Amino acid sequence: MLTLGIETSCDETAASIVADGTTVRSSIVAAQVVHSRYGGVVPELASRAHARLILPVVKTALEVAGIGLEELDLVAATCAPGLLGALLVGLPFAKALAWSQGLPFVGVNHLEGHIFAVYLHNPTIHHPFIALIVSGGHTELILVEERCRYRPLGVTLDDACGEAFDKAAKMLGFPYPGGAFIEQQARQGRPVVHFPEPKIAGLDFSFSGLKTALLYYLRDIGFLVPGRTGQLGDQALADISCSFQEVLIDCLVHKLSQAVTETGIRSIAVTGGVAVNRRLRDRLDQLAREHGLVLCVPAATLCTDNAAMIAACGYERYKLFGPSSPELAASARAELGPGS
Ligand code: KG4
Ligand code: ZN
């Protein structure tokens with residue numbers, strides 16, 4: 001069964017063909033570079049770029065998979081959460097395509113899509129497992145009881161983890177999205193600047209205090225004074241990046257470890273754009289080794305936004321629950337709850 005997946009929830013226009021929910025035949029991602037000079041995603045520009053890119057991206061996904069439209073069996077598209085104007089490009093496109101071809105259509109929650117990146121990486125992962133989704137828009141700890149059955153454990157109370165990386169990168173003068181720049185700088189740095197690790201009760205996260213701590217630190221050393229910007233030496237920039245990254249990763253690893261202790265579940269999976277970070281991956285390996293846990297972190301191309309995860313999730317939901325209503329609306333917000 002061939003599923004076309006479409007993803008337009010933020011600043012990637014993506015399409016993918018996945019066979020039987022497991023084999024990725026093509027995965028095309030057009031990352032929109034237009035936002036980099038603005039220090040964040042500009043919703044209006046994202047919608048316009050999606051409208052321009054969606055047709056060529058879908059065509060390329062079909063070409064690379066070596067199939068024609070008539071060979072498709074199912075169309076799946078992200079319907080929530082995300083930028084409304086961005087979702088309103090991919091979702092109606094997918095519905096119209098499905099309708100024109102007489103195919104079933106399934107709407108997919110983007111967060112559930114990120115969880116399906118884990119199944120694409122390891123189709124035999126045992127349930128239950130704890131999934132940590134760390135992306136530009138989300139930081140969520142979820143207990144995955146079985147496919148499509150979830151229990152939320154914790155969520156960020158303010159900024160998402162990737163957002164904290166991006167805001168820190170902006171303060172340090174890197175372009176958007178800045179997570180990869182911080183990681184690159186951090187490799188040459190030492191964790192010599194003390195940023196306090198946020199202490200939040202339970203399994204929730206908070207990153208805005210850390211962001212403010214960085215802001216005050218930069219102000220106190222005179223880096224934010226107009227005219228002095230850019231005067232940080234290479235080593236100082238690397239040390240600040242390293243110190244900041246280390247605390248962020250500490251938060252993630254400590255909460256994950258706490259979730260393991262509280263639930264007694266021995267399998268963990270980490271996905272979303274921040275899971276590309278090599279230092280985070282190393283720390284997760286270390287955590288898994290020390291506690292004898294089974295760890296699954298998908299390949300980088302599956303961690304960042306892509307449509308293969310949407311196709312895989314759409315396929316599973318179609319098998320379990322049938323097609324979505326043609327009236328399914330896009331929604332900027334959506335929780336992943338039990339049976340959602
Ligand atoms: O999952 P994703 O592609 O899109 C969303 O659903 O948001 O995640 C993008 C986020 C951005 O905040 C980006 O800065 C972050 O992932 N990111 C990283 C790295 N690569 C991407 N953060 C830290 N280290 C990286 N190497
Ligand atoms: Zn995402």
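We're numbering straight along the sequence, starting at 1. In listed order, ligands and their atoms are each counted from 1. None of the values given here were measured: they were computed from a predicted structure.
Here ring-ring contact (aromatic ring centres under 6.0 Å, His included) pairs that include residues 34-90, with residues two or more places apart or in two chains, number zero.
Under 3.5 Å, the side chains of Ser206 and Asp158 contain a donor-acceptor pair of N or O atoms. For the residue pair Ser243/Gln245, the side-chain donor-acceptor check at 3.5 Å is not satisfied. Thr304 and Asn306 form no side-chain donor-acceptor contact under 3.5 Å, judged by distance and modelled atom types alone. Between the side chains of Tyr119 and Glu316, no donor-acceptor pair of N or O atoms lies under 3.5 Å.
Ion pairing between a basic and an acidic side chain is recognised when a charged N comes within 4.0 Å of a carboxylate O; Arg283 and Glu246 show such pairing. Remark: Lys211 does not engage Glu163 in a salt bridge, criterion side-chain N to carboxylate O under 4.0 Å. Here Arg151 pairs with Glu145 in a salt bridge; the nearest charged N to carboxylate O distance falls below 4.0 Å.
When each atom of ligand 1 is checked for a heavy atom of His110 under 4.0 Å away, the hits are 6 (O). Each of the following atoms of ligand 1 lies closer than 4.0 Å to a heavy atom of Thr304: 3 (O). Counting the atoms of ligand 1 from 1 in the order shown, those under 4.0 Å from a heavy atom of His114 are 1 (O), 6 (O). Close approach of ligand 1 to Gly162 is summarised as follows: ligand atoms under 4.0 Å from at least one heavy atom of the residue are 12 (O). Below 4.0 Å from some heavy atom of Gly137 lie the following atoms of ligand 1, by number and element: 7 (O).
Listed by chain and number, the residues in a salt bridge (charged side-chain N to carboxylate O under 4.0 Å, His left out) with Asp282 are Arg278 (sequence neighbours excluded). Residues satisfying the salt bridge (charged side-chain N to carboxylate O under 4.0 Å, His left out) test with Glu146, not counting sequence neighbours, are Arg149.
The N/O atoms of Gly272, backbone and side chain alike, include none that comes under 3.5 Å of an N/O atom in ligand 1. Taking distance alone, with nitrogen or oxygen atoms compared against 3.5 Å, Gly179 approaches ligand 1 more closely than that limit. Note: an N/O pair closer than 3.5 Å links Gly273 and ligand 1 by distance alone.
Taking atom 10 (C) of ligand 1 as the reference point, the nearest protein heavy-atom neighbour is Gly136 N, 3.4 Å. Closest protein heavy atom to atom 24 (N) of ligand 1: Asn277 ND2, 3.0 Å. Protein heavy atom nearest atom 11 (C) of ligand 1, with residue, atom name and distance: Asp166 OD2, 3.5 Å. For atom 4 (O) of ligand 1, the closest non-hydrogen atom on the protein side is Asp305 OD2, 3.1 Å.
Minimum heavy-atom separation, Cys296 to Ile125: CB-CD1, 4.0 Å. Across Leu280 and Val253, no two heavy atoms sit closer than the pair CD1-CG2, 4.4 Å.
If you look at Arg278 next to ligand 1, there are no close heavy atoms at all, none under 4.0 Å.
Residue contact annotation: Ala180 has a non-hydrogen atom under 4.0 Å from ligand 1. Not a single heavy atom of Gln245 sits closer than 4.0 Å to an atom of ligand 1.
Distance alone, capped at 3.5 Å, is enough to place a donor-acceptor pair between the Asp239 side chain and the Arg190 backbone.
Within a radius of less than 2.8 Å around the Zn ion (ligand 2), the protein N, O or S atoms are His110 NE2, His114 NE2, Asp305 OD1.
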